[in-house]
Student: 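Handing you a structure now.
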Amino acid sequence: MALEKWINNEDLEKLRALEKWINNEDLEKLRALENPKVEKVIEEFLTLCKPAKARVIDDSPEDIAYIRQLAIDNGEEMKVAVKGHTVHYDGFYDQARDKKNTRLLVPADEKEKYGQHINTADRDEGIKEVLEIMDGAMEGKTVLIRFFSLGPTKSKFSLLALQLTDSAYVAHSEDILYRMGYEEFKRRKGDDFFYLIHSAGELTDKNVTKNVEKRRIYIDLVENRVLSVNNQYAGNSLGLKKLALRLAINKAVNEDWLTEHMFISAVWPLDKSRKTYFLGAFPSACGKTSTAMIPGFTIVGDDIAYLKLNVAGEVKAVNIEQGIFGIIKDVNPDDDPEIYKNLCTPREAIFSNVLINEGTPYWLGMGKQVTVPDKGINWTSSKLGDWEAGKHFDDEGNELKFSHPNARYTIRIEGLENADEAIHDPDGVKVSGIIYGGRDSNTSVPVYESFSWEHGVFIGASIESETTAATLGKAGVRKHQPMANLDFIVTPLGKYLNAHLNFGKRIDDTNRPRIFSTNYFLKDENGRYFDEILDKKIWLLWAEGRVHGEYEAIETPIGLIPKFEDIASLFKGAFDVDYTKERYEAEFSIRIQKFLEKIERIETIFRAEKDIPEKFFVELEEQKKRLLVAKEKFGSDILSPLLF
Ligand code: OXD
Ligand code: MN
């Protein structure tokens with residue numbers, strides 16, 4: 001069909017330029033959007049990246065099926081035995097988020113204000129550099145042009161995103177994880193959207209990125225875009241996930257709402273008489289997804305939430321995703337039964353970086369019932385050939401495991417039996433509690449409640465965690481992780497904390513969510529964890545009871561902790577376990593000295609930042625004072641909860 005037949009507006013010439021890559025039928029889809037900015041972005045990046053062709057993907061099942069098939073045809077995914085399941089491999093050196101090469105582009109004279117924790121690059125130089133790397137990066141490939149809604153469709157919460165990628169795996173993953181947005185673009189029009197350009201770059205004969213040393217993920221707040229090249233790992237490549245998260249944080253902070261690295265889940269008490277929504281922020285690989293998946297509760301989302309106040313003054317939240325890109329390690333029938341079931345039954349699911357032997361995936365911690373074969377294909381195959389036990393070592397000589405510790409699965413939430421019925425509610429769910437957690441072996445108690453919203457903001461801002469396999473670099477180093485969001489914050493830290501404090505001020509007492517801290521990783525003096533993996537359910541049940549005024553709490557220097565009787569009765573009711581007073585005393589002791597040391601670390605970090613709100617330091621000083629007074633009064637560094 002000739003282009004003139006259906007087009008007669010002045011955009012004809014612009015669209016003509018796209019004819020080189022895009023067929024007429026797809027051009028018609030673009031024209032129907034009536035969005036000059038969309039066309040401009042597409043033209044600019046197709047011209048630069050020089051693909052063989054481009055496809056415009058709308059929300060139709062045919063287009064989605066095309067992507068699924070393309071991922072198989074071009075070797076980015078392989079089918080495995082169970083119907084609907086595929087596996088994808090990222091390159092040997094592309095197994096986690098690349099913090100070093102993920103940079104916020106800022107004008108040279110503004111660098112200082114972003115403080116020491118945000119990895120910045122000069123905007124002009126950064127754009128020049130990344131555009132040079134992207135020049136010709138898509139040669140010979142098909143680019144997929146996709147439209148998404150970050151959040152439920154037809155919702156005041158949701159933002160629009162345009163994605164261009166030359167990876168069918170990326171486009172397929174996004175289809176599972178995000179809501180389709182072609183019709184939303186058509187409905188909403190205008191240029192208020194994020195755009196995310198991704199190229200896996202040149203690939204090796206194993207279909208993995210060849211030039212990883214030229215991996216770049218550059219965030220440009222001026223244009224509301226992220227340019228990502230020479231990578232495949234979803235934390236680096238999927239524009240809608242951690243890349244758009246950064247753009248949304250900036251937007252939220254400037255517009256008085258919040259974008260957080262938080263799960264959303266409904267806590268149901270043991271008698272199932274009501275449900276109460278909680279949000280939770282945990283750094284990567286600290287139990288966030290498994291908290292959202294606690295058996296007996298229902299899940300809305302496991303990773304990213306937008307929070308706004310509605311006209312009634314309630315805090316509402318939506319999950320901007322509709323799927324889970326979860327760590328597969330330790331998913332087994334005992335600890336994560338629902339996900340395990342999903343990974344063993346027919347449905348659309350992508351495994352990444354696991355071992356495949358005769359069409360069956362194997363991963364670390366999948367349970368005692370499984371015998372892991374000693375050969376197969378895994379993520380090491382792209383560099384070292386097919387895997388064999390005892391034969392593969394990393395650059396430091398450590399034997400490589402059969403499945404990567406950060407290997408993942410990608411599934412839709414809708415397919416889970418514990419999916420909450422409000423997952424797509426355009427009005428969001430009412431938030432009653434917020435939990436902050438980290439990986440802390442020796443300082444904090446399993447659960448406590450803050451004294452106030454401001455104290456809660458202090459607790460969230462003071463999260464510390466040991467590093468894990470979810471980012472490149474050494475695992476096991478203690479790092480501070482404000483709101484578990486540090487990797488993604490793109491505004492000065494002070495501005496971000498102010499946004500939290502101000503958000504709280506706008507909520508009245510009856511609607512203000514309570515804030516809690518949890519720690520699942522406390523160890524005894526022999527280095528053993530106090531808690532079993534599912535014990536976290538008890539801490540959430542206690543928090544839920546607190547929201548409804550059901551439990552009294554004990555006031556300690558760090559916050560409000562549970563009474564022994566309440567925890568013991570929850571353990572009995574939930575697990576038929578006799579929770580002992582000895583364990584309570586050991587777990588809930590206030591480790592004064594350790595807390596004081598933590599405060600010192602936190603103070604050093606925040607004093608070095610510019611513009612941290614004074615209120616933060618007031619909270620810090622008050623906390624310190626309470627600890628010192630208690631130390632003085634009881635004359636010890638570790639205080640039993642029974643003293644308070
Ligand atoms: C994630 C992460 O994958 O935070 O969610 O790394
Ligand atoms: Mn995450």
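One-based numbering, in listed order, for ligands and for the atoms of each.
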Student: Within the stated cut-off of 2.8 Å, is an N/O/S atom of Gly235 closer than that to the Mn ion (ligand 2)?
Tutor: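 Coordinating: no.
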
Student: Can you list the steps and then say if Glu184 with Thr153 is a side chain to side chain donor-acceptor pair (under 3.5 Å)?
Tutor: CA-CA 7 Å; Glu184 283 290 282; Thr153 52; 4.9 Å; no

Student: Indicate, as side chain, backbone, both or neither, the part of Lys288 found under 4.0 angstrom from ligand 1 when only non-hydrogen atoms are considered.
Tutor: neither

Student: Give the atom numbers and elements of ligand 1 that come within less than 4.0 Å of a heavy atom of His261.
Tutor: 4 (O)

Student: Taking His198 for the side chain and Asn231 for the main chain, is one N or O donor matched with an acceptor at less than 3.5 Å?
Tutor: yes

Student: Taking the side chain as every heavy atom from C-beta outward, state whether Trp363 and Lys329 have any pair of such atoms under 4.5 Å apart.
Tutor: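 A side-chain contact is absent here, since even the closest heavy-atom pair is not under 4.5 Å.
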
Student: Show the atoms of ligand 1 that are less than 4.0 angstrom away from any heavy atom in Ser284.
Tutor: 2 (C), 4 (O), 6 (O)

Student: With atoms numbered from 1 as shown, which atoms in ligand 1 lie under 4.0 angstrom from a non-hydrogen atom of Lys242?
Tutor: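 Numbered from 1, ligand 1 contributes 1 (C), 2 (C), 3 (O), 4 (O), 5 (O).
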
Student: Tell me, with the steps shown, if Glu213 and Asn230 meet side chain to side chain donor-acceptor pair (under 3.5 Å).
Tutor: CA-CA 8 Å; Glu213 76 295 343; Asn230 287 319; over 6 Å; no

Student: Atoms of ligand 1 less than 4.0 Å from Asp303 heavy atoms?
Tutor: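 In order of number, 5 (O).
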
Student: Report the atom name of the nearest N/O/S atom of Asp303 relative to the Mn ion (ligand 2).
Tutor: OD1

Student: So, does Tyr496 use its side chain to make a donor-acceptor pair with the main chain of Asn485 at under 3.5 Å?
Tutor: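 Such a contact is absent between Tyr496 side chain and Asn485 backbone.
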
Student: Looking at Arg97, which atoms of ligand 1 are within less than 4.0 Å of one of its heavy atoms?
Tutor: 2 (C), 4 (O), 6 (O)

Student: Are the side chain of Arg146 and the backbone of Leu164 linked by a donor-acceptor contact shorter than 3.5 Å?
Tutor: no

